[in-house]
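Presented below is the structure to which this report refers.
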Amino acid sequence: MARYKSDLLNLLDERGYIHQITDASGLDALATQQIVPGYIGFDPTAPSLHVGSMVQIMLLRRLQQAGHKPIVLMGGGTGKVGDPSFKDEARKLMAVETINSNIASIKTVFERFLTFGDGPTDAIMLDNAEWLDALQYLPFLRDYGQHFSVNRMLSFDSVKLRLEREQSLSFLEFNYMILQAYDFLELSRRAGCRLQMGGSDQWGNIVNGIELSRRVDGTEVYGVTTPLITTADGGKMGKTMSGAVWLNEDQLSHFDYWQFWRNTDDRDVGRFMRLFTDLPLDEIARLEALEGAEINEAKKVLATEATALCRGRAAAEAAAETARLTFEQSAAAAADLPTLAVEGGTIGIVDALVRTGLAASKSEARRKIAEGAVRLDDQPVHEPTHEVAIGATPVKLSLGRKRHALLQRG
């Protein structure tokens with residue numbers, strides 16, 4: 001039975017996006033009465049977003065699917081300060097040229113997930129530098145500073161955590177939550193925005209914006225946060241041994257992106273399908289109920305559907321075919337090559353060389369790495385500290401041109 005009256009909140013609820021809502025009944029009623037413009041902010045700290053941003057991108061997609069208006073807010077202004085939320089230390093400040101270059105690069109990925117245009121439910125993209133860069137310090141303090149309680153700001157978990165650890169929190173960073181609150185006020189005025197969404201770490205910032213809009217303009221606005229997405233083993237979503245899983249194809253190949261989703265833990269398959277694909281819920285229920293070796297078929301579906309959204313259907317199907325051929329070739333080769341089963345799927349490169357017999361000792365293994373003679377799936381390895389992450393597909397370990405072994409998950 002549906003928990004809400006609006007298609008929007010029912011959709012978000014059924015697919016697992018809701019952690020907190022500032023006023024569920026108020027937002028639910030509004031979403032049944034009008035098109036709700038809602039926004040999420042993205043700070044341009046790199047040329048590409050990574051998989052850790054996918055929940056928020058999909059949240060904007062769900063907003064549009066439910067008949068409402070997504071607003072993508074690029075933090076060209078706030079990016080000059082840096083969000084301190086739940087960070088152990090201040091972010092390095094970026095040059096304006098770097099920020100602008102990153103924004104231009106990041107923009108391209110949103111066009112795959114959202115329909116942009118001038119229609120009532122078409123997505124729009126804005127940059128908060130448009131209004132933040134024009135602010136004058138004394139008028140801003142006079143008009144808006146009175147609405148922020150330092151006592152209240154100190155009570156938010158994102159700030160309290162830094163202070164409890166006795167880690168420095170600069171005045172520059174402390175201003176971030178004021179600027180984000182002001183963003184909500186500006187978007188309310190400029191675009192009729194009534195909803196801010198974000199991760200659970202943004203709760204305090206969102207609440208500040210809601211209170212500022214109410215006090216200054218008397219406007220009722222709302223907030224929704226998503227749960228922190230962790231993997232079944234407790235790891236952070238999108239963190240792998242080989243680094244960040246970038247969304248832009250010039251940062252990460254289609255195949256590697258597909259393979260990331262293919263390596264999903266069995267226990268996460270259904271949840272990730274609901275969050276990161278458009279598959280119908282009944283089809284997801286069927287796939288997540290598969291057991292044993294059959295769950296691998298569900299993982300392939302997850303990988304192909306998630307990749308199709310981000311990289312296009314043709315790229316997803318090509319990656320799936322590459323994986324199939326790679327796996328079959330590896331399986332055929334396994335009959336002729338020494339194979340090491342790795343418990344947990346992770347092993348240091350030096351240990352791998354010794355345990356497969358390709359190197360007689362750890363010192364020989366390190367020397368061969370330094371000589372450039374060691375490769376993983378035909379890619380050279382240069383660091384003796386490299387950790388090999390093994391997914392569903394075995395990894396070929398090579399020493400020189402003629403000696404090979406296979407590493408597979410134990």
Side-chain angles (χ1 to χ4, degrees), residues 2-42 49-73 109-117 119-126 187 191-203 206 221-229 237-238 247 261 268-285 287-288 301-302 305-311:
R3 291 180 59 186
Y4 300 100
K5 296 177 182 177
S6 66
D7 291 341
L8 173 61
L9 290 189
N10 280 321
L11 176 60
L12 299 186
D13 182 46
E14 290 168 351
R15 288 192 171 259
Y17 291 96
I18 297 176
H19 178 59
Q20 294 168 296
I21 307 178
T22 55
D23 176 3
S25 60
L27 177 58
D28 195 28
L30 186 69
T32 62
Q33 297 163 8
Q34 67 169 71
I35 293 171
V36 177
Y39 93 95
I40 298 177
F42 299 87
L49 299 175
H50 55 71
V51 161
S53 297
M54 273 300 305
V55 173
Q56 308 311 321
I57 295 172
M58 290 299 295
L59 194 53
L60 288 171
R61 182 176 176 85
R62 302 302 183 211
L63 183 73
Q64 191 166 52
Q65 287 174 336
H68 301 281
K69 187 178 185 70
I71 300 171
V72 181
L73 182 66
V109 78
F110 284 98
E111 293 170 354
R112 293 197 183 275
F113 291 91
L114 302 171
T115 300
F116 287 84
T121 64
D122 286 344
I124 59 173
M125 181 174 285
L126 300 173
L187 288 171
C193 185
R194 293 292 175 266
L195 173 64
Q196 183 182 356
M197 302 176 290
S200 56
D201 61 330
Q202 295 299 312
W203 179 253
I206 291 172
V221 293
Y222 304 90
V224 171
T225 63
T226 56
L228 175 66
I229 306 299
M237 171 73 184
L247 303 187
W261 295 104
D268 290 326
V269 171
R271 183 165 58 111
F272 283 8
M273 281 183 171
R274 282 185 284 275
L275 289 169
F276 302 117
T277 80
D278 284 343
L279 286 170
L281 293 176
D282 55 354
E283 176 66 2
I284 293 172
L287 288 166
E288 71 177 329
V301 173
L302 166 63
E305 294 302 314
T307 303
L309 283 177
C310 187
R311 303 296 181 84

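- Residues M125 and I71 have side chains not in contact (no heavy-atom distance under 4.5 Å, counting atoms from C-beta outward).
- Residues that satisfy the side-chain contact (heavy atoms from CB on, under 4.5 Å) test with A123, not counting sequence neighbours, are Q64, P70, L114, F116.
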| task | Step by step, work out the side-chain contact (heavy atoms from CB on, under 4.5 Å) result for L27 and V224. | result | CA-CA 9 Å; L27 177 58; V224 171; 3.6 Å; yes

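- Side-chain contact between D278 and Q65 is present, with heavy atoms from C-beta onward closer than 4.5 Å.
- For S200 (side chain) and T225 (main-chain N/O), no donor-acceptor pair under 3.5 Å exists by modelled atom type.
- Rounding to the nearest 0.5 angstrom, the gap separating the CZ atom in F276 from the CG atom in D268 is 9.5 Å.
- With rounding to the nearest 0.5 angstrom, the NE2 atom of H68 is 8.5 Å from the CG atom of L30.
- At least one side-chain heavy atom of M54 sits under 4.5 Å from a side-chain heavy atom of L247.
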| query | Going through the distances and angles, do V269 and L287 end up as a side-chain contact (heavy atoms from CB on, under 4.5 Å)? | reply | CA-CA 8 Å; V269 171; L287 288 166; 5.7 Å; no

| field | Pair L60-Y39, side-chain contact (heavy atoms from CB on, under 4.5 Å): steps then yes or no | value | CA-CA 8 Å; L60 288 171; Y39 93 95; 5.8 Å; no

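- Nearest heavy atom pair, residue P37 against residue Q34, reads CD-NE2, 4.4 Å.
- Enclosure of atom CG in D7 is not indicated, since only 12 or fewer non-hydrogen atoms of other residues, nucleotides or ligands lie within 6.0 angstrom.
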| message | For a side-chain contact (heavy atoms from CB on, under 4.5 Å) check, start with the C-alpha distance between R112 and L309, then their side-chain angles and the critical distance, and finish with the verdict. | response | CA-CA 7 Å; R112 293 197 183 275; L309 283 177; over 6 Å; no

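- Side-chain contact between Q56 and L49 is absent, with no heavy atoms from C-beta onward closer than 4.5 Å.
- Side-chain contact between I21 and L9 is present, with at least one heavy-atom pair separated by less than 4.5 Å.
- Atom OG in S25 sits 8.0 Å away from atom OH in Y222 (nearest 0.5 Å).
- Remark: I284 CD1 to R274 CZ distance equals 6.0 Å, nearest 0.5 Å.
- Taking the six-membered ring for Trp and thresholds of 30 and 60 degrees, F110 and F42 have ring planes more than 60 degrees apart, a perpendicular arrangement.
- Put simply, the side chain of D13 never gets that close to the backbone of N10: no donor and acceptor are under 3.5 Å apart.
- For the residue pair P227 and H19, the shortest heavy atom distance occurs at N-CB, 3.3 Å.
- Side chains of S6 and D28: a donor-acceptor N/O pair is present below 3.5 angstrom, by distance only.
- With rounding to the nearest 0.5 angstrom, the CE atom of M197 is 11.0 Å from the CD1 atom of I18.
- Smallest separation of non-hydrogen atoms from R194 and V36: CB-CG1, 4.1 Å.
- Salt bridge status for E14 with R62: absent, with no side-chain N to carboxylate O gap under 4.0 Å.
- Side-chain contact check for R15 versus L275: every heavy-atom pair is 4.5 Å or farther apart.
- Going from atom CZ of F272 over to atom CG of L302 covers 8.0 Å, rounded to the nearest 0.5 Å.
- Counting heavy atoms from C-beta outward, M58 and Y17 have side chains that approach closer than 4.5 Å.
- Between K69 and I124, the closest side-chain pair of non-hydrogen atoms falls below 4.5 Å.
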